[in-house]
Amino acid sequence: MAKKKLNEKPWGGRFKGGADPEVEAFTASVDFDRELAEFDIEQSRAHAAMLQSCGLISKKDLKEIVSGLKAIGSEIKSGKFEFRSELEDVHMNVETRLAELIGPAAGKLHTARSRNDQVATDMRLYIRAATGEITRAIRGAQDALAARAAEHADDVMPGYTHLQRAQAVPLGHHLMAYYHMLERDAGRFADCAARMDALPLGAGALAGSALPVNPAMTAAALGFSATAPNSMDAVSDRDFLLEFLSACAVCMIHLSRACEEFILWMTSEFGFVDLPDALCTGSSIMPQKKNPDVAELIRGKSGRVVGSLVSLLVTMKGLPLAYNRDMQEDKEPAFDAARTTAACLRLYAKLISGAKFNTAAMEKAAQTGFLNAVDLTDYLALRGMPFREAHSVVGRLVRHCIDAGKEFGDLTDEEFAAFSPMFGSDVRKALDARAAMGRRKAPGAASPASVRGQLKKFHRNKNGGK
Ligand code: ARG
């Protein structure tokens with residue numbers, strides 16, 4: 001196989017001199033789009049097979065192309081491949097190397113193809129793989145949440161609104177809230193994958209090919225269920241990336257909220273959780289410190305993923321049809337968001353699995369602050385008092401307790417009766433947090449039975465998946 005280093009650009013014929021070196025560096029994308037190499041090779045293999053079956057290249061050409069691509073794949077895997085920025089992008093790097101290795105047959109590979117449909121295809125293949133990886137990471141985080149929710153279905157904690165103690169809820173219910181968010185995230189990634197399931201290859205630069213090609217064959221080989229219905233849309237559509245980035249951004253916002261809670265809960269003010277040492281770091285000056293850095297970084301990285309979405313939205317905003325070089329700017333945000341989201345999901349799963357919940361502190365916190373005020377209101381409403389009136393009676397009771405420095409449980413039967421004759425001695429049962437949680441029978445309500453029901457209904461079985 002030839003080893004001569006080739007430098008000629010394919011468009012050399014049209015140009016007089018060489019490129020300005022600063023322009024060469026400015027336009028080159030190979031430093032980041034090399035991440036597409038394996039997909040570029042996969043695509044080229046399928047494209048070459050299609051060209052051969054349509055009689056556009058010979059069997060011998062195909063054999064050489066396939067073996068050359070295979071050699072390039074191994075060179076890349078072993079780190080021996082020399083990516084050269086003067087060759088601009090990953091596509092030209094692979095094609096040039098192919099020419100070095102197999103000679104003239106390499107020049108036939110680009111028949112009926114442009115880098116515009118090539119890069120659109122590579123990016124779809126990349127996003128398809130990334131979506132798979134992220135979905136697996138989501139399932140991992142859900143498994144962790146489900147396991148902890150099952151463990152803590154009966155444990156009481158204060159549920160908050162406005163970050164003020166509101167009503168007692170099972171810790172398992174709180175954890176399952178994130179389970180459902182992640183379920184919708186998985187749905188968003190699946191929707192994105194389903195919508196981008198059309199092969200752009202065959203669209204050429206923008207107008208498709210006049211050669212007797214068979215893009216459906218390439219689509220089947222690359223696992224797409226359809227070919228793109230419009231060549232101009234095919235090369236200029238980046239919706240699939242915007243959808244992917246948007247799914248990443250929403251998912252990261254969920255993780256950020258969850259991590260924000262862990263950060264709060266780990267303060268000595270809350271003392272609700274202790275995160276494993278392996279997921280925390282110390283301070284270079286304060287020997288006593290154990291900081292929730294992983295949780296903080298997940299929260300921090302959500303900003304960067306949202307930034308990636310915004311960056312591509314703005315890049316696409318003013319672009320006329322069809323391909324424009326601006327679109328090269330789609331890669332770094334997409335790659336970064338894919339990597340960041342997958343990594344954050346995996347680490348979040350570790351946080352969940354390793355968290356030591358201080359259920360005693362949670363239960364204690366649920367006992368003060370009138371978290372049972374709604375239960376008391378329900379008690380009166382059940383005995384026929386209009387809800388608004390019950391709300392006002394209990395409101396006055398709260399005022400009384402605050403003034404007297406008491407909780408509801410400290411009040412005597414007489415004190416209760418002074419606020420309404422409807423209060424009987426059974427009122428104490430209404431005040432107990434566990435009993436109150438147990439009474440919540442409405443669908444999705446915060447009760448231990450509901451946590452178990454959610455796990456049963458929504459959590460896929462451990463061995464299989466849904
Ligand atoms: N590196 C380019 C990109 O990522 C590949 C497509 C180049 N096409 C072109 N007409 N210059 O968008």
Side-chain angles (χ1 to χ4, degrees), residues 7-15 18-44 47 72 76 81 83-99 106-107 109-130 196 199-209 218 222 228 231-242 244-245 308 311-339:
N7 277 319
E8 174 68 0
K9 294 222 175 62
W11 53 84
R14 162 74 174 76
F15 285 76
D20 177 326
E22 211 173 328
V23 170
E24 217 162 60
F26 183 72
T27 52
S29 55
V30 70
D31 280 350
F32 47 87
D33 68 14
R34 64 175 65 183
E35 194 142 348
L36 295 174
E38 63 172 297
F39 304 110
D40 206 64
I41 290 170
E42 184 189 349
Q43 167 188 163
S44 287
H47 183 66
I72 292 171
I76 292 172
F81 191 91
F83 285 102
R84 295 155 61 195
S85 62
E86 69 272 21
L87 295 174
E88 210 175 286
D89 57 25
V90 64
H91 322 294
M92 294 317 309
N93 268 272
V94 170
E95 195 184 316
T96 306
R97 181 68 186 139
L98 190 65
L109 175 60
H110 214 50
T111 309
R113 180 172 82 170
S114 147
R115 279 184 300 162
N116 297 352
D117 56 348
Q118 188 175 0
V119 74
T121 302
D122 284 359
M123 285 302 279
R124 277 173 173 78
L125 293 171
Y126 177 93
I127 294 297
R128 190 167 72 188
M196 68 170 199
L199 177 76
L201 198 65
L206 77 165
S209 180
T218 325
L222 292 175
S231 62
M232 294 181 79
D233 182 36
V235 288
S236 64
D237 159 41
R238 292 295 180 273
D239 300 9
F240 69 103
L241 290 178
L242 292 173
F244 173 77
L245 285 169
S308 293
S311 148
L312 188 58
L313 280 167
V314 179
T315 297
M316 295 306 296
K317 179 181 162 294
L319 299 189
L321 294 184
Y323 177 83
N324 300 270
R325 190 64 178 271
D326 315 45
M327 291 175 182
Q328 182 167 290
E329 292 294 313
D330 63 359
K331 288 172 198 62
E332 286 163 292
F335 298 161
D336 187 74
R339 267 195 300 267

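We count ligands from 1, going down the list as the structure has it; atoms in each ligand are counted the same way. In this text the structure is predicted, and so the values were computed from the model without any measurement.
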Problem - Nearest-0.5 Å distance that lies between atom NZ in Lys331 and atom CG in Asp31 - result: 13.5 Å
Completion exercise
Among non-hydrogen protein atoms, atom 5 (C) of ligand 1 lies closest to Asp89 OD2, 3.6 Å
Practice task
Check Asn93, Ile41, Asp40 against Ile76 for a side-chain contact (heavy atoms from CB on, under 4.5 Å) and give me the one that passes.
Solution key: Ile41
Problem - Rounded distance (nearest 0.5 Å) linking atom CE of Met196 with atom CG of Asp239 - result: 12.0 Å
Exercise for the section: Using a 4.0 Å heavy-atom cut-off, say whether Asp330 meets ligand 1 through its side chain, its backbone, both or neither. Expected result: neither
Problem - SB check Arg339 Glu35 (cutoff 4.0 Å) - result: yes
Completion exercise
atom 7 (C) of ligand 1 has as its nearest protein heavy atom Tyr323 OH, 3.5 Å
Practice task
Do me a favour and list the nearest non-hydrogen protein atom to atom 11 (N) of ligand 1 with residue, atom name and distance?
Solution key: Arg115 NH2, 3.6 Å
Practice task
Consider every N or O of Lys331 and every N or O of ligand 1, then say whether any pair is closer than 3.5 Å.
Solution key: yes
Practice task
Give, for atom OG1 of Thr121 and atom CG of Leu201, the distance between the pair rounded to the nearest 0.5 Å.
Solution key: 4.0 Å
Completion exercise
ligand 1 to Ser29, heavy atom cutoff 4.0 Å, flagged ligand atoms 1 (N)
Exercise for the section: May I have the step-by-step check of salt bridge (charged side-chain N to carboxylate O under 4.0 Å, His left out) for Glu88 and Arg115, ending in yes or no? Expected result: CA-CA 12 Å; Glu88 210 175 286; Arg115 279 184 300 162; 3.0 Å; yes
Practice task
Ignoring hydrogens, just give me the one of Glu329, Met92, Gln328 whose non-hydrogen atom is nearest atom 1 (N) of ligand 1.
Solution key: Gln328
Exercise for the section: Please determine if Asn116 has a nitrogen or oxygen closer than 3.5 Å to a nitrogen or oxygen of ligand 1. Expected result: yes
